[in-house]
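These values consider heavy atoms only, across backbone and side chains, with no hydrogens, waters or symmetry-generated copies. The shown structure was predicted, so the numbers you read here are calculated from the model rather than taken from an experiment.
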Amino acid sequence: MAQRQITDFNGLVMFRRDYRERDMLVKFFTDQFGKKMFFIRGARKRGFKLAAALLPFTQGTYVGNIHEEGLSFINAAKEYHQFQSISTDIGLNAYATYILNLIDVAFTDNQPLPRWYQQAVLSVQLIDDGFDPEIITNINEIQLLAAFGVAPYLESCVICHRSDLPLDYSESYGGLLCQKHFHLDPYRFHASARAIYLLRQFSVLNLNKLTSISVKQATKDELRRIIDRIYSDTVGLALKSKHFIDDMKNWDHLLKP
């Protein structure tokens with residue numbers, strides 16, 4: 001097994017699970033090495049010195065032995081912080097967990113993903129700072145479609161490339177149809193102009209330039225239906241973290257007298 005020298009790296013804790021009696025496996029999204037699983041010996045023992053540095057949604061600078069394949073090892077944590085709002089709010093936690101799950105499924109381990117590392121950290125930071133978690137999630141869902149090999153064509157009409165006419169989404173054509181070609185797909189989504197506009201914007205949006213979000217709930221609900229249908233019909237993905245979000249939306253209704 002090839003092994004690198006002990007090195008510093010920046011990482012975000014994606015998830016962790018118990019291993020054997022006293023140990024733990026912790027998956028990090030790292031800036032240099034992509035997603036990697038780390039074996040943490042003695043992590044479940046009382047008084048373990050790195051316990052706080054290995055909590056979910058913790059990001060920082062670590063020191064470890066990085067193996068190109070298999071398990072890697074962490075020796076120390078230099079500086080780190082936990083995203084507190086996400087850690088204490090079950091709703092924010094659910095959306096952040098789903099985004100990291102999507103990234104985990106979309107890419108193989110041990111593959112350097114500097115762009116997606118920055119996007120993952122920024123997405124978690126924005127949610128922690130109070131940005132709408134539904135919209136941050138939608139942006140990541142749309143932009144991750146390319147990684148799943150099913151990126152829809154959202155720039156203009158797939159037939160004539162016009163963008164000055166009303167547009168709608170067609171699964172059959174793998175992207176947008178303009179009003180002139182609506183007749184080609186009677187099963188197009190019949191989405192509102194606002195939803196299609198946001199879908200197109202989300203596909204190219206740089207999160208670093210995001211300063212505010214204001215989307216009406218009705219439009220968010222429509223976006224949710226559109227994206228869910230794309231993931232269900234085209235990607236074929238059904239994550240437990242997504243089911244949790246869906247169930248969570250019913251809690252207010254169920255708790256009302």
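Put simply, the side chain of V124 does not reach to within 4.5 Å of the side chain of I99, judged on heavy atoms. Contact annotation: the side chain of F244 never approaches that of T97 to less than 4.5 Å [non-hydrogen atoms, C-beta and beyond]. Looking at L100 and F57, their side chains come closer than 4.5 Å, going by heavy atoms from C-beta outward. At least one side-chain heavy atom of R229 sits less than 4.5 Å from a side-chain heavy atom of E171. Considering only heavy atoms from C-beta on, F29 stays 4.5 Å or farther from D104 through its side chain. Looking at heavy atoms from C-beta onward, F33 lies out of side-chain contact with F28 at the 4.5 angstrom threshold. Two residues are said to be in side-chain contact when any heavy atoms from C-beta on lie closer than 4.5 Å; H181 and S170 fail this criterion. Residues M37 and D109 have side chains not in contact (no heavy-atom distance under 4.5 Å, counting atoms from C-beta outward).
The shortest heavy-atom contact between V13 and A53 is CG2-O, 4.1 Å. P56 approaches S87 most closely through the heavy-atom pair O-OG, 4.2 Å. The two atoms that bring F182 and P166 nearest to each other are CZ-O, 3.6 Å, heavy atoms only. Between D23 and G42, the closest heavy-atom pair is OD1-N, 2.8 Å. Here the closest heavy-atom approach between residue V26 and residue R16 is recorded as CG2-CB, 3.8 Å. Between L167 and R200 the shortest heavy-atom distance is CD1-NH1, 3.6 Å.
In this structure a side-chain-to-backbone donor-acceptor pair under 3.5 Å is missing from E222 to I196. In this structure, Q143 contributes its side chain and F202 its backbone to a donor-acceptor pair below 3.5 Å. A donor-acceptor pair under 3.5 Å links the side-chain atoms of D168 to the main chain of A191, judged by distance alone. Using modelled atom types, no side-chain atom of N110 and backbone atom of E69 make a donor-acceptor pair closer than 3.5 Å. Formation of a donor-acceptor pair under 3.5 Å by the K220 side chain with backbone atoms of V215 is not found in this model. Judged by distance alone, the side chain of Y95 and the main-chain N or O of I136 form no donor-acceptor pair under 3.5 Å. Side-chain atoms of S72 come within 3.5 Å of backbone atoms of H67 as a donor-acceptor pair (strictly under, hydrogens ignored). A distance-only check finds no donor-acceptor pair linking the side chain of N75 to the backbone of G64 [under 3.5 Å]. D31 contributes a side-chain N or O that, together with a main-chain N or O of N10, makes up a donor-acceptor pair within less than 3.5 Å. Although no hydrogens or angles enter the test, the distance criterion places a donor-acceptor pair under 3.5 Å between the side chain of T88 and the main chain of Q84.
At a cut-off of 3.5 Å, with distance as the only test, no side-chain donor of E134 or N138 sits close to an acceptor on the other residue. Using modelled atom types, one finds no donor on one side chain facing an acceptor on the other under 3.5 Å when comparing Q125 with Q59. Side chain to side chain, S85 and D89 fail the donor-acceptor criterion of an N or O pair below 3.5 Å.
Atom CD of E79 has 12 or fewer neighbouring heavy atoms from other residues, nucleotides or ligands inside a 6.0 Å radius. Within a 6.0 Å sphere centred on CZ of R17, heavy atoms belonging to other residues, nucleotides or ligands number 12 at most. Heavy-atom neighbours of Q201 CD from other residues, nucleotides or ligands within 6.0 Å: above the threshold of 12. Counting heavy atoms of neighbouring residues, nucleotides and ligands inside a 6.0 Å radius, atom OH of Y153 exceeds 12 of them.
Using a 4.5 Å cut-off between side-chain heavy atoms of Ile, Leu, Val, Met, Phe, Trp and Tyr, with links allowed through other members, L207 and L198 fall into the same hydrophobic cluster. Tracing side-chain contacts under 4.5 Å through hydrophobic residues (I, L, V, M, F, W, Y), one never reaches M14 starting from L55; they form parts of separate clusters. Hydrophobic clustering (side-chain heavy atoms under 4.5 Å, transitive across Ile, Leu, Val, Met, Phe, Trp, Tyr) groups I127 together with I213. In the hydrophobic clustering of this structure, L176 does not group with Y173; members are Ile, Leu, Val, Met, Phe, Trp, Tyr whose side-chain heavy atoms approach within less than 4.5 Å, directly or through other members. Follow the hydrophobic side-chain contacts under 4.5 Å out from I142 and you reach Y197 in the same cluster.
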**Request:** Test L144 against F107 for side chain to side chain contact (heavy atoms under 4.5 Å, CB included), laying out the working first.
**Result:** CA-CA 10 Å; L144 279 166; F107 301 101; 3.7 Å; yes
**Request:** Decide yes or no on side chain to side chain contact (heavy atoms under 4.5 Å, CB included) for N140 and W116, but give the supporting numbers first.
**Result:** CA-CA 10 Å; N140 279 280; W116 274 103; 3.4 Å; yes
**Request:** Determine, stepwise, if the pair F83 / L12 fulfils side chain to side chain contact (heavy atoms under 4.5 Å, CB included).
**Result:** CA-CA 10 Å; F83 294 97; L12 170 67; 4.0 Å; yes
**Request:** Start with the C-alpha distance between E141 and Y98, add both sets of side-chain angles, then the distance that settles side chain to side chain contact (heavy atoms under 4.5 Å, CB included), and finish with yes or no.
**Result:** CA-CA 10 Å; E141 286 174 312; Y98 174 52; 2.7 Å; yes
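To the nearest 0.5 Å, atom CG of residue L113 and atom NZ of residue K35 are 7.5 Å apart. With rounding to the nearest 0.5 angstrom, the CG atom of D8 is 3.5 Å from the NZ atom of K78. I135 contributes atom CD1, which lies 12.0 Å from atom OG of S212 (distance to the nearest 0.5 angstrom). Atom-to-atom distance recorded for I230:CD1 and L237:CG is 13.5 Å, nearest 0.5 angstrom. Taking CD1 of I226 as the reference point, atom OG of S192 lies at 6.5 Å (rounded to 0.5 Å). To the nearest 0.5 angstrom, L102 atom CG is 5.5 Å from F148 atom CZ.
Using a 30° and 60° split on the angle between ring planes, F9 and Y62 fall in the parallel class, below 30°.
Ionic pairing of R225 and D221 is not present here: no N-O contact between side-chain nitrogen and carboxylate oxygen is shorter than 4.0 angstrom.
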